[in-house]
Amino acid sequence: MTVDTKYIFVTGGVVSSLGKGIISSSLANLLIARGYRVTIQKFDPYINIDPGTLNPYEHGECYVTVDGHEADLDLGHYERFTNIQTTRANNVTTGRIYQSVIDKERRGDYLGKTVQIVPHITDEIKRNVKQLGKTGNFDFVITEIGGVVGDIESLPFLEAVRQLRWELGRNSLVIHLTYVPYIAAAKELKTKPTQHSVKKLQELGIQPDILVLRTERDITPEARRKIALFCNVAPDAAVQSIDVPTIYQVPIKMHEQHLDDLVLRLTDTPSKGEPHMGPWLRFLDKLAHAEKPVTIGLVGKYVELQDAYKSINESLFQAATYDDRRLDLRFIHSEKLNDANADELLSPLDGVIIAPGFGQRGIEGKFVALKWCREHDVPTFGICLGMQCMVIEYARNVLGLAEANSTEMNPTTPHNVIDLMEEQKSISNMGGTMRLGAYDCELTPDSIAAKAYGTTHVSERHRHRFEFNEDYRERFEQAGMKCVGENPATHLVEVVEIPGKRWFVGTQYHPEYTSTVLNPNPLFTSFISAAIKYREEKEAAKS
């Protein structure tokens, strides 16, 4: 039976980075907790086909969906908040839209017509919105429009929203997120930026149904009524979103502001009762009462960017919270780490993450960290390139292969312990050689990884080109580094570990992509538990 899908569009104004993704995720969280089937999609107004080739300095983390699509980092928020998997259909860029339209034009699908922004580009945008609702049989599709109202590149998306509002009627609504700044000198909140932002949206033919007002200070009822009056929304539809200590409190705050009730009422959707937020509230309660710290160091080359390792940061935070600990996350720049300062930077840590990435820059600092952690028996977790660095460091310093390397870093290395598979070497297209998306992994029984998961069969997401070289497998195993996880179809090595250490595990895949608030990834919870135990051992030795 098909459902009458409701479409919610989330736009932003005044400034960027207000948190449209968090508001969209929080609303989805509340609707799912009420028993509705919900999905979220993100439209990004840049020409790139996807964020896969974007530098993290440009766009933060590149998130990977289960079907192997490289996506905007907001999809990570969607999954962490909703506990549902996203796919390629949940993230569409201007580049994807134009590519699809141009491909149709080349095939002659437009029968010789002049191809234009309206109707062809806007029709393609609308098709992507509606298709997601049809294929998933969802009650709600929440569509986040990237950028800020007034941006030139966002105009085709907003024009598509305007058309859809007329076509869908009561089966759609628009939520506009704006900023209400506090001017310290005047000691007051200013509503004019919100008024201008809404006016700009109205000039494009879109009247928002709900305003979400980001603020650092409580907005008085009088100010909210003023905003509602001048922006043509109902007084109760001016919803405040005040800053909170953690993004995971936002769904609770939005429910207190009746955002989910407003959406149900404005879309004529029968209520299924109050949202069931028990598990979410238990997580927040643990978070509120976590006082003892666990100190984790993240070694990478993008550590000055808060969003570059977003999914790893959140996975660690979730795991620490469930273990009743406050995460003390310290970022260590791999370009600045060397033998001279390793002891100073690494000895205060209870556990170390060796971050993923691509390229030569900062790689030697990762080798320094791994050697120090291995020799001092510190719980260590290598992810993707971090796992490959584990293998290279072990080859150099334990197997005695001083020039061991990855052919990504040194194509002429005599010991290519990390290499491209033969069938990949002739592919030159960016992304063509990538292993992307979810792949099966069989784990060795009684390995650290298998004990963490509680099973020997898992499926995790990948984003990499280079692989462990099977030719060296026996030498590593004999020297003490075990290959405890492999893909059952290709026998590619997925997980390595050193059984004699407290916790020394590397994964070729990215377990952070499947970690959510209600279901943290087991490897992160196991790693955090090992770090806590190590901390307690150090504290006991001092006393």
Colleague: Hey, is Lys292 close enough to Glu539 for a salt bridge, meaning N to O under 4.0 Å?
Modeller: no
Colleague: Verify, without hydrogens or angle tests, whether Asp377 (side chain) and Lys501 (backbone) share a donor-acceptor contact under 3.5 angstrom.
Modeller: no
Colleague: Apply side chain to side chain donor-acceptor pair (under 3.5 Å) to Asn521 and Ser315, showing your working.
Modeller: CA-CA 7 Å; Asn521 186 281; Ser315 299; over 6 Å; no
Colleague: Looking at Thr321 and Phe317, would you say the former's side chain and the latter's main chain have a donor-acceptor pair under 3.5 Å?
Modeller: yes
Colleague: Under the 3.5 angstrom rule, does the side chain of Arg535 hit a backbone N or O of Val294 as a donor-acceptor pair?
Modeller: no
Colleague: Are Lys533 and Glu536 ion-paired here, with the side-chain N under 4.0 Å from a carboxylate O?
Modeller: no
Colleague: Would you kindly say whether Thr135 and Gln131 are connected by a side-chain donor-acceptor distance under 3.5 Å?
Modeller: no
Colleague: What's the separation between atom CD1 in Ile247 and atom CD1 in Ile22, rounded to the nearest 0.5 Å?
Modeller: 4.0 Å
Colleague: Is the NZ or CZ atom of Arg502 positioned over Tyr534's six-membered ring, under 6.0 angstrom from the centre and within 45° of the axis?
Modeller: no
Colleague: How far does OG1 of Thr87 sit from CG of Leu75, to the nearest 0.5 angstrom?
Modeller: 8.5 Å
Colleague: Compute whether any side-chain donor of one residue and acceptor of the other, for Glu314 and Ser515, lie under 3.5 angstrom apart.
Modeller: no
Colleague: Please answer whether the main-chain N or O of Val263 pairs with a side-chain N or O of Thr267 as donor and acceptor at a distance below 3.5 Å.
Modeller: yes
Colleague: Hey, does the side chain of Lys20 reach the backbone of Gly147 with a donor-acceptor pair shorter than 3.5 angstrom?
Modeller: yes
Colleague: Around atom NZ of Lys336, are there more than 12 heavy atoms of other residues, nucleotides or ligands at under 6.0 Å?
Modeller: no
Colleague: Taking Val148's backbone N and O only, do any of them form a donor-acceptor pair with Asp151's side chain (distance below 3.5 Å, no angle check)?
Modeller: yes
Colleague: Does Asp323 come within less than 4.0 Å of Lys286, counting only side-chain N to carboxylate O?
Modeller: no
Colleague: Cut-off 3.5 Å, side chains only: do Thr295 and Asp328 have a donor facing an acceptor?
Modeller: yes
Colleague: Can you tell me if Ser334 uses its side chain to pair, donor with acceptor, with the backbone of Gly362 under 3.5 Å?
Modeller: yes
Colleague: Which pairs, with at least one residue in residues 77-88 and sequence neighbours excluded, count as a salt bridge (Lys or Arg N to Asp or Glu O under 4.0 Å)?
Modeller: Glu79-Arg461
Colleague: Between Phe381 and Thr507, is there a side-chain heavy-atom distance shorter than 4.5 Å?
Modeller: yes
Colleague: Could you measure the distance from the CZ atom of Phe9 to the OG1 atom of Thr143? Nearest 0.5 Å is fine.
Modeller: 5.0 Å
Colleague: If you take all heavy atoms of Gly297 and Ile332, which pair is closest and at what distance?
Modeller: CA-CD1, 4.5 Å
Colleague: OG1 of Thr215 to CG of Asp243: how many Å apart, nearest 0.5 Å?
Modeller: 7.0 Å
Colleague: To check you understand the geometry: which heavy-atom pair defines the closest contact between Cys62 and Tyr513, and what is its length?
Modeller: O-OH, 3.0 Å
Colleague: Which pair of heavy atoms, one from Thr380 and one from Cys373, lies closest together, and at what distance?
Modeller: OG1-CB, 3.2 Å
Colleague: Would you sort out whether Leu164 and Tyr7 count as a side chain to side chain contact (heavy atoms under 4.5 Å, CB included), showing the intermediate values?
Modeller: CA-CA 9 Å; Leu164 283 166; Tyr7 295 86; over 6 Å; no
Colleague: Please say whether more than 12 non-hydrogen atoms of neighbouring residues, nucleotides or ligands are located less than 6.0 Å from NZ in Lys200.
Modeller: no
Colleague: So Trp372 and His376, would you call those rings parallel, tilted or perpendicular, with 30° and 60° as cut-offs?
Modeller: parallel
Colleague: To the nearest 0.5 angstrom, please state how far the CG atom of Asn90 sits from the CG atom of Asp74.
Modeller: 12.0 Å
Colleague: Will you find, in the side chains of Asn91 and Asp50, an N or O donor that is under 3.5 Å from an N or O acceptor?
Modeller: no
Colleague: With no hydrogens and no angle check, do the side chains of Tyr439 and Gln508 hold a donor and an acceptor under 3.5 Å apart?
Modeller: no
Colleague: Between Arg37 and Asp139, does at least one N-O distance fall below 4.0 Å, as a salt bridge requires?
Modeller: yes
Colleague: Could you walk me through whether Phe140 and Leu27 pass side chain to side chain contact (heavy atoms under 4.5 Å, CB included), step by step?
Modeller: CA-CA 10 Å; Phe140 289 95; Leu27 176 58; over 6 Å; no
Colleague: Does the side chain of Lys42 come within less than 4.5 Å of His77's, by heavy atoms?
Modeller: no
Colleague: What pair of heavy atoms forms the shortest contact from Gly437 to Val64, and how long is it?
Modeller: N-CG1, 3.8 Å
Colleague: Under the salt bridge (Lys or Arg N to Asp or Glu O under 4.0 Å) criterion, do Lys538 and Asp350 qualify, and how do the steps go?
Modeller: CA-CA 9 Å; Lys538 289 189 294 182; Asp350 306 322; 3.1 Å; yes
Colleague: Counting C-beta onward and ignoring hydrogens, is there a side-chain heavy-atom pair between Leu229 and Arg225 closer than 4.5 Å?
Modeller: no
Colleague: Answer yes or no: is there a side-chain heavy-atom contact under 4.5 Å between Phe358 and Arg463?
Modeller: yes
Colleague: Does one side chain, of Gln41 or Asn128, offer a donor that lies under 3.5 Å from an acceptor on the other?
Modeller: no
Colleague: Is Val495 close to Ile448 at the side-chain level, that is, under 4.5 Å between some pair of heavy atoms?
Modeller: no
Colleague: For the residue pair Glu61 / Ser311, report whether a side-chain donor-acceptor contact shorter than 3.5 Å exists.
Modeller: yes
Colleague: Which residues satisfy the side chain to side chain donor-acceptor pair (under 3.5 Å) test with Lys130, sequence neighbours excluded?
Modeller: Glu167
Colleague: For residues 246-261, which residue pairs pass the salt bridge (Lys or Arg N to Asp or Glu O under 4.0 Å) check, not counting sequence neighbours?
Modeller: Arg34-Asp260, Arg34-Asp261, Lys253-Glu256
Colleague: Tabulate below the donor-acceptor pairs under 3.5 Å that side-chain atoms of residues 10-18 make, not counting sequence neighbours, or state none.
Modeller:
unit_1	atom_1	unit_2	atom_2	d
Thr11	OG1	His176	ND1	2.7

Colleague: Which pair of non-hydrogen atoms, one from Lys187 and one from Tyr182, has the smallest distance, and what is that distance?
Modeller: CA-OH, 3.2 Å
Colleague: Please verify the inter-ring angle class for Tyr309 with Tyr302; under 30° counts as parallel, over 60° as perpendicular, anything in between as tilted.
Modeller: tilted
Colleague: Measure the shortest side-chain to side-chain distance between Ile354 and Met390 over non-hydrogen atoms and say whether it is less than 4.5 angstrom.
Modeller: no
Colleague: Between the side chains of His255 and Glu274, is a donor N or O closer than 3.5 angstrom to an acceptor N or O?
Modeller: yes
Colleague: Taking only residues at least two apart or on different chains, which pairs with a member in residues 229-241 satisfy side-chain hydrogen bond (donor to acceptor under 3.5 Å, both in side chains)?
Modeller: Asp218-Gln240, Asp236-Arg265
Colleague: Should Leu284 and Gln249 count as side-chain neighbours, where that means a heavy-atom distance under 4.5 Å?
Modeller: yes
Colleague: Scan residues 257-298 for pairs that pass ring-ring contact (aromatic ring centres under 6.0 Å, His included), counting only residues two or more places apart or in two chains.
Modeller: Phe81-Trp280, Tyr248-Phe283, Phe283-Tyr322
Colleague: With the threshold set at 4.0 Å, does a side-chain nitrogen-carboxylate oxygen contact exist between Glu222 and Lys226?
Modeller: no
Colleague: Can you tell me if Thr93 and Asn48 form a side-chain donor-acceptor pair at under 3.5 Å?
Modeller: no
Colleague: Can you tell me how far apart CD (Gln318) and CZ (Phe524) are? Round to the nearest 0.5 Å.
Modeller: 9.0 Å
Colleague: Is there a side-chain contact between Leu158 and Leu201 (heavy atoms, below 4.5 Å)?
Modeller: yes
Colleague: Identify the two heavy atoms, one from Ala234 and one from Ala228, that lie closest to each other, and give their separation to 0.1 Å.
Modeller: O-CB, 3.8 Å
